[in-house]
Every structure is written in C-alpha cells, then in structure tokens.
Amino acid sequence: MTGPGKRPGPPARLSRESIAAAALASGDLESLSMRELATRLGVSHSALYRWVPGREGVIDLISETLIDRIVPTDQPTPDNWRAWLGRLAWAAHDEFLATPGYATRISRPHRHTRGFTKMRDAVLTAFRVGGADDEMAEQSWYVFGTTLVTWLGAQEQQLLGDAPLRFDLFLDSLLRGLPTREKPEFGTRPRSTAP
C-alpha cells in the first residue's frame, strides 16, 4: 500500500530474473522491443521501465544471466587452467548461440556490465594461475575475450563461409597460442629485408 507522497514500487510479479527469462525466450534479441517484452510479461510498458531503464538495461540483464551460466563454479588450477578456459569457452559457445542475436550483439562494441567484470576477473585469474604476470594476464584476456566473441558473432551471422565450422579447432589453436610466461614466437615483427 502506498501513502501520500510515496510512489508505487515495481509490480511484485516482475523481477530481474523474470525479465531476463522472458527476453531470452523471445527468440530474437535483435528485434525485441520493450513493448513486446512487457506484453510477454503481462505488465504495462511503464511497469517494465520501473525495473529496467530501456532496451540496453534488458541486454545487461541477459548478459549477467548468461555469464552466470558460463563461468565455471570451480576455480582454475596450475594443472587445469587451459582446460578450465576451454569449459568456459564451450559454455559461451552454447549459451550465446542458443540466444539468437546475442553473439552478434556482443561481438560489436558495447558497454561492459557486472557480468562482463565477472567473466573478465575469472579469466584473468586463470591466466595468473597459469603463470602469467598481471600485464600478460591482461593481454591474454584481451586476446581470448575478443577472439571468442568475434568468432561466435561471425558464426551466428554465417560470415565464416559454408564449410562446417570446427569450434574445437578454433579453441584448441586459441588456447595453445595464448601465452603465460613465454614471449610470442610467431607474433614478433619480422626484420626489414630492405637494404
């Protein structure tokens, strides 16, 4: 009940989880509107805006939900850090591609939210456990994260051609190539051959 001068709060049947679940069930994030989402939730358009500031807020909720599903619950160890990253990458593959429009959206420049920070911190921990110093861990995170989401976005948009896509080969190459303590061997700038 509201008293004089008090604004009513968000409807009780709405929650961050229910909004994310309805958006994920929509089938296409690229075309999902706030009005359509409100209808799916059985609430007014204005009631939905009490919970999220707009479409970007919905995408933020979806990102947090998916990243909570993607980041493994166990911690990486010196013996399993690459396999741990592999599990995270496969979970990202499955979750992102099961949500039409998400991999494409996340592969473009976007705001980074709490979910992004959670995933970044977990991946940085894996690289540090694998022996990388802070600077190398940060560089490896950038390569890992950017390459993973770019691949998934390209796969979703079918930009990689008609050949069967082998995410396992892509991931194996990526994880073998990510440095921890060693200097890059093949990424070194070649010496000029000009006289």
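The basis for the numbers below is simple: all heavy atoms, side chains too, and nothing from hydrogens, waters or symmetry mates. Computed from a predicted structure; not experimentally measured. Numbering starts at 1 and runs along the sequence shown.
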Where [X] and [Y] come nearest, the two heavy atoms and their spacing:
X      : Y      : answer
Asp172 : Arg176 : OD2-NE, 2.7 Å
Leu66  : Glu95  : CD2-OE1, 3.5 Å
Met136 : Asp133 : N-OD1, 2.7 Å
Ser63  : Tyr102 : OG-OH, 2.7 Å
Ala20  : Ile62  : O-CG1, 4.4 Å
Pro53  : Gly57  : CD-CA, 4.1 Å

For the side chain of Ser140 and the backbone of Ala137, is there at least one donor-acceptor N/O pair under 3.5 Å apart?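 No.
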Does some side-chain heavy atom of [Y] sit less than 4.5 Å from a side-chain heavy atom of [X]?
X      : Y      : answer
Phe167 : Leu152 : yes
Trp51  : Leu61  : no
Leu85  : Leu174 : no
Gln157 : Ser107 : yes

[atom1] of [X] to [atom2] of [Y]: how many Å apart, nearest 0.5 Å?
X      : Y      : atom1 : atom2 : answer
Trp84  : Asp74  : CH2   : CG    : 7.5 Å
Thr104 : Leu159 : OG1   : CG    : 8.0 Å
Leu171 : Leu148 : CG    : CG    : 7.5 Å
His93  : Asp168 : NE2   : CG    : 9.5 Å
Leu37  : Leu41  : CG    : CG    : 4.5 Å
Asp60  : Arg16  : CG    : CZ    : 8.5 Å

Are Val129 and Tyr142 connected into the same hydrophobic cluster when the rule is that any two of I, L, V, M, F, W, Y join if their side-chain heavy atoms are below 4.5 Å apart? no
If the condition is salt bridge (charged side-chain N to carboxylate O under 4.0 Å, His left out), which residues does Arg55 pass it with, not counting sequence neighbours?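 Expected list: none.
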Is a salt bridge present between [X] and [Y], judged by a nitrogen-to-oxygen distance below 4.0 Å?
X      : Y      : result
Glu138 : Arg120 : yes
Glu64  : Lys118 : no
Arg69  : Asp94  : no

Can you pull out every ring-ring contact (aromatic ring centres under 6.0 Å, His included) where at least one residue sits in residues 20-48? Sequence neighbours excluded, please.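 Sorted pair list: His45-Tyr49.
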Does the side-chain contact (heavy atoms from CB on, under 4.5 Å) test come out yes or no for Leu14 and Arg50, once each step is laid out? CA-CA 10 Å; Leu14 280 180; Arg50 290 186 201 140; over 6 Å; no
List the residues meeting side chain to side chain donor-acceptor pair (under 3.5 Å) with Ser18, not counting sequence neighbours, and say none if there are none.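 Result, side chain to side chain donor-acceptor pair (under 3.5 Å) vs Ser18: Ser15.
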Look at the rings of Trp141 and Phe144 and say which category their plane angle falls in: under 30° parallel, 30 to 60° tilted, over 60° perpendicular.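 Ring orientation of Trp141 relative to Phe144: tilted.
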Quick one: do Phe96 and Val149 satisfy side-chain contact (heavy atoms from CB on, under 4.5 Å)? Show the steps, please. CA-CA 9 Å; Phe96 287 13; Val149 298; 4.0 Å; yes
Pairing donors with acceptors under 3.5 angstrom, does anything connect the side chains of Thr65 and Asp68? no
